[in-house]
Amino acid sequence: MEPEHLKTTPKLVVGIVVDQMRYDYLTRFWDHFEDGGFKRLINDGFNCKNNHYNYAPTSTGPGHTSVYTGTTPATHGIIGNNWYDKQINAEVYCAADDSYVSVGTTSNAGKMSPHRMNVTTITDQLRLHTQMRGKTIAIALKDRGAVLPGGHTANAAYWFHGADEGKWITSSYYMNQLPKWVNDFNASGKAMEYKKAWITAKPINTYLESGSDSNTYEGLFKGEANSGFPHNTTEFLDKTKDFDLIKATPYGNSITADFSIAALEGEHLGEDRITDFLAVSFSSTDYVGHKFGVNSKEVQDTYIRLDRDLKRLFAALDKKVGEGEYTVFLTADHAAINVPAYLKDQKIPAGYIDYKAVKSKLTTFLQYKFGTVDLIKNFSNAQIFLDHKVIENLDLEVAKVQEMIAKELLMYEGIDRTYTGHQMWANNYTHGIPYILQNGYNQKRSGDVLLVLKPGVISYPKTGSTHGSPQIYDTHVPLLFYGRGIHKGSTTQRTEISDVAPTVAALLGIAFPNGTIGKPIVEVLE
């Protein structure tokens, strides 16, 4: 008789992260989706409708890491896309690693590795469990969207180097040269095919689920007079270079789907009973959201087209691996806010904060209170990093100085609440905003004073959407499971992003990633 855990074990797990996807995109654009994409996952799979990030900052690096590690920045250490490193007194990038070289390009775009991630991923655990026989391939337009999900043991992580090359590349962390299938894909001219006008997939007058086509809340592509469709400036069409433009159109997702389908064949994924893992991140949704805002026709069109790309990917999986032989989960690395300028025009409290003005006001306070401005070393990711040596030389206590600065900041327009590093150390918060901040607070890496902006307030240009806060519009993201071993259904019980990895581990019958704080979502598993 077949052991119980093998009954649910798929030949391939496909982890999909949609960059900047809000939960309500599933419901808002539902009538425009076809049958084989999002609707297939929801109708035949399991939908966690109340799924949240349980920490801040809600951004790409921490998001991808948390999905795959089952824990939060407090433990995994990826506290931002970039952060101030207290040890070396310099800003670092979450995936950068100068000890490796680029593979597939002469630029520095490949000098990456997962070395700043302190714990294992679900992909690592699968590799360890199968004595490295199960394969992990990670793919994304963004380097961090591939490197971090791939874990420390990935066979390969590939990302898209735009610039004047338009190629999929990697790092010598994984290999010394690209495999033939990747070189063939890069030589196929696919990237060039996607340098074309962006027109809507369906008649624009049917896009009733989003705002007007051209308005003041949207950014512009270079050379455009207004933000409306079609997007067909010479920047799109005539340049044989500048492939980065593809990323900010739905075609960036299409080339990601093309490359993922090529990887199924090229890497022989899901061809035997030893489970493999394909981690795919669709990044264009984030670029489009940042430029046009979450209520734009551009975002709507991007999701309608992504739905078709998912349909193609699932059809390829049916053909290659076999229907019922693979398991998919789909989530996002964070959500996003509606453009505050738009909200304001609808009489909803919202607005903008100028961090430069905050810094300048704070500098005046420090000079007056302490006679020096050298106390502050860095201000990033809504955190202030203090110079503890300067504080000691002034014969002051760090905790006291943190508190004085936190109280001062609380008086500034746009700031809703402040917390100190000392509070994060001394207390154990179990719910609300402080709980979310504490989960994002890494004792070795995080700052001395944490600030939270008022709901609806951001530090960003007046056009486009952003994310990063502990507010619910940044934390509420989809979580869908589908395929082998997955129960059909849905829940409105709260689930958290750190539950994804242990749920997959339970499905596979393998050890949890070593920093896991989440727990398997019982209703999801058959």
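These values consider heavy atoms only, across backbone and side chains, with no hydrogens, waters or symmetry-generated copies.
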- Query: Which heavy atom of Val103 sits nearest a heavy atom of Ser172, and at what distance?
  - Reply: CG2-N, 3.5 Å
- Item | Pairwise side-chain contact, Arg22 with Tyr473, heavy-atom cut-off 4.5 Å (strictly under) | yes
- Message: Is any side-chain heavy atom of Phe277 closer than 4.5 Å to one of Gln125?
- Response: no
- Item | Atom of Gly110, atom of Ser171 and distance for their closest heavy-atom approach | O-CB, 2.9 Å
- Between Phe160 and Lys247, is there a cation-pi geometry (under 6.0 Å to ring centre, at most 45° from the normal)? no
- Task: State whether a side-chain donor-acceptor pair under 3.5 Å links Thr123 with Thr121.
- Result: yes
- Can you find a pair of side-chain heavy atoms, one from Ser283 and one from Asp19, that are under 4.5 Å apart? yes
- Item | Atom pair CD1 (Ile405) and CD1 (Ile384), whose distance is rounded to the nearest 0.5 Å | 6.0 Å
- Message: Between Pro73 and Arg445, is there a side-chain heavy-atom distance shorter than 4.5 Å?
- Response: no
- Counting only N and O atoms by type, is there a donor-acceptor contact under 3.5 Å from the side chain of Thr503 to the main-chain atoms of Pro520? no
- Query: If you look at every heavy atom in Asp301 and Pro250, which pair is closest and at what distance?
  - Reply: OD2-CG, 4.1 Å
- Message: Under a 3.5 Å threshold, yes or no: a donor from one side chain and an acceptor from the other, between His64 and Ser281?
- Response: yes
- For Glu397, does the CD atom sit with more than 12 other heavy atoms under 6.0 Å from it, leaving out its own atoms? no
- Query: Tyr23 versus Leu479: any side-chain heavy-atom pair under 4.5 Å?
  - Reply: no
- Item | Within 6.0 Å of NZ in Lys49, more than 12 heavy atoms from elsewhere | no
- For the residue pair Tyr429 and His431, is the inter-centroid distance of their aromatic rings smaller than 6.0 Å? no
- Query: Do Tyr25 and Pro478 come within less than 4.5 Å of each other through their side chains, counting heavy atoms only?
  - Reply: no
- Task: In sequence, state the C-alpha distance, the side-chain angles, and the governing distance for Ser66 and Tyr55, and then conclude on side-chain hydrogen bond (donor to acceptor under 3.5 Å, both in side chains).
- Result: CA-CA 10 Å; Ser66 301; Tyr55 66 84; 3.1 Å; yes
- How far apart are the C-alpha atoms of Arg116 and Ile78, what are their side-chain angles, what is the distance that settles it, and do they pass the side chain to side chain contact (heavy atoms under 4.5 Å, CB included) test? CA-CA 7 Å; Arg116 288 193 169 89; Ile78 304 297; 3.9 Å; yes
- Does any N or O in the side chain of Arg144 come within less than 3.5 Å of the main-chain N or O of Ala95, such that one atom is a donor and the other an acceptor? no
- Query: Does the ring of Phe243 carry Lys195 above it, NZ/CZ under 6.0 angstrom from centre and within 45° of its axis?
  - Reply: yes
- Taking all heavy atoms of Met117 and all of Leu148, pick out the closest pair and write down the distance. CE-O, 3.5 Å
- Residue pair Trp83, Ser446: steps toward the side chain to side chain contact (heavy atoms under 4.5 Å, CB included) verdict: CA-CA 9 Å; Trp83 66 87; Ser446 294; over 6 Å; no
Only distances under 3.5 Å count here; give the side-chain donor-acceptor pairs of residues 495-502 to other protein atoms, sequence neighbours excluded, each with its distance to 0.1 Å.
residue, atom, partner, partner atom, Å
Thr495, OG1, Asn51, OD1, 2.9
Glu496, OE1, Asn54, ND2, 3.1
Glu496, OE1, Tyr435, OH, 3.0
Glu496, OE2, Tyr435, OH, 3.1
Glu496, OE2, Arg494, NE, 3.1
Glu496, OE2, Arg494, NH2, 3.1
Ser498, OG, Asn54, ND2, 3.3
Asp499, OD1, Lys519, N, 3.0
Asp499, OD2, Glu496, N, 2.9

- Item | Thr256 side chain vs Ala140 backbone, donor-acceptor pair below 3.5 Å | no
- Looking at His467 versus Tyr53, is the centre-to-centre ring distance below 6.0 Å? no
- Taking atom types as modelled, is there a side-chain donor on Thr120 or His152 under 3.5 Å from an acceptor on the other? no
- Message: Quick one about Arg305 and Asn253 (side-chain donor to acceptor, distance below 3.5 Å, no hydrogens or angles considered), yes or no?
- Response: no
- Query: Does Asn442 reach the main-chain N or O of Ala74 with its side chain, forming a donor-acceptor pair under 3.5 Å?
  - Reply: yes
- Task: For the pair Asn89 and Lys377, evaluate side chain to side chain contact (heavy atoms under 4.5 Å, CB included) and give the outcome as yes or no after the intermediate values.
- Result: CA-CA 8 Å; Asn89 190 27; Lys377 284 188 115 168; 3.7 Å; yes
- Item | Closest approach of Val147 to Pro114 (non-hydrogen atoms, all atoms of both residues) | CG1-N, 3.5 Å
- Near Gln367 CD, under 6.0 Å, is it more than 12 heavy atoms from other residues, nucleotides or ligands? yes
- Item | Criterion side chain to side chain contact (heavy atoms under 4.5 Å, CB included) on Thr418 and Glu408, from CA distance to verdict | CA-CA 9 Å; Thr418 56; Glu408 168 68 14; over 6 Å; no
- Query: How about Ser214 and Lys297: do any of their side-chain heavy atoms sit closer than 4.5 Å?
  - Reply: no
- Item | Any donor-acceptor N/O pair, Ser102 side chain to Ser107 backbone, under 3.5 Å | yes
- Query: How about Phe282 and Tyr303: are their ring centroids closer than 6.0 Å?
  - Reply: no
- Query: Parallel under 30°, tilted from 30 to 60°, perpendicular over 60°: which one fits the rings of Trp198 and Phe221?
  - Reply: perpendicular
- Would a distance-only check, ignoring hydrogens and angles, find a side-chain to backbone donor-acceptor pair under 3.5 Å from Asp333 to Thr65? no
- Query: Would Glu218 and Ser296 count as having a side-chain donor-acceptor pair, cut-off 3.5 Å?
  - Reply: no
- Could you tell me the separation between the CD atom of Glu413 and the NZ atom of Lys454, rounded to the nearest 0.5 Å? 5.0 Å
- Indicate whether any N or O donor in one side chain lies under 3.5 Å from an N or O acceptor in the other, for His422 and Glu403. no
- Message: Taking Asn427's backbone N and O only, do any of them form a donor-acceptor pair with Gln438's side chain (distance below 3.5 Å, no angle check)?
- Response: yes
- Item | Distance-only side-chain donor-acceptor flag, Asp143 / Tyr93, under 3.5 Å | yes
- Would you call Ile337 and Tyr460 a side-chain contact if the rule is heavy atoms closer than 4.5 Å? no
- Item | Asn295 side chain to Ser210 backbone, donor-acceptor under 3.5 Å | no
- Side-chain (Thr170) to main-chain (Ala157) donor-acceptor, under 3.5 angstrom: yes
- Item | Qualifying residue for side chain to side chain contact (heavy atoms under 4.5 Å, CB included) with His290, from Thr285, Thr463, Thr466 | Thr466
- For Tyr173, does its backbone N or O pair with a side-chain atom of Ser113 as donor and acceptor, under 3.5 Å? no
- Task: Using a strict cut-off of less than 4.0 Å between a Lys/Arg side-chain nitrogen and an Asp/Glu carboxylate oxygen, indicate whether Asp354 and Lys356 qualify as a salt bridge.
- Result: no
Can I get a per-line list of side-chain donor-acceptor pairs under 3.5 Å for residues 343-352, giving both atom names and the distance, sequence neighbours left out?
residue, atom, partner, partner atom, Å
Asp345, OD2, Tyr217, OH, 2.5
Tyr352, OH, Ala341, N, 3.1
Tyr352, OH, Lys462, O, 3.4

- Message: Tell me the closest heavy-atom pair linking Leu437 and Val452, and the distance in Å.
- Response: CD1-CG2, 3.7 Å
- Check the pair Asp448, His388 against side-chain hydrogen bond (donor to acceptor under 3.5 Å, both in side chains), reporting the backbone distance first and the verdict last. CA-CA 10 Å; Asp448 291 276; His388 291 207; 2.8 Å; yes
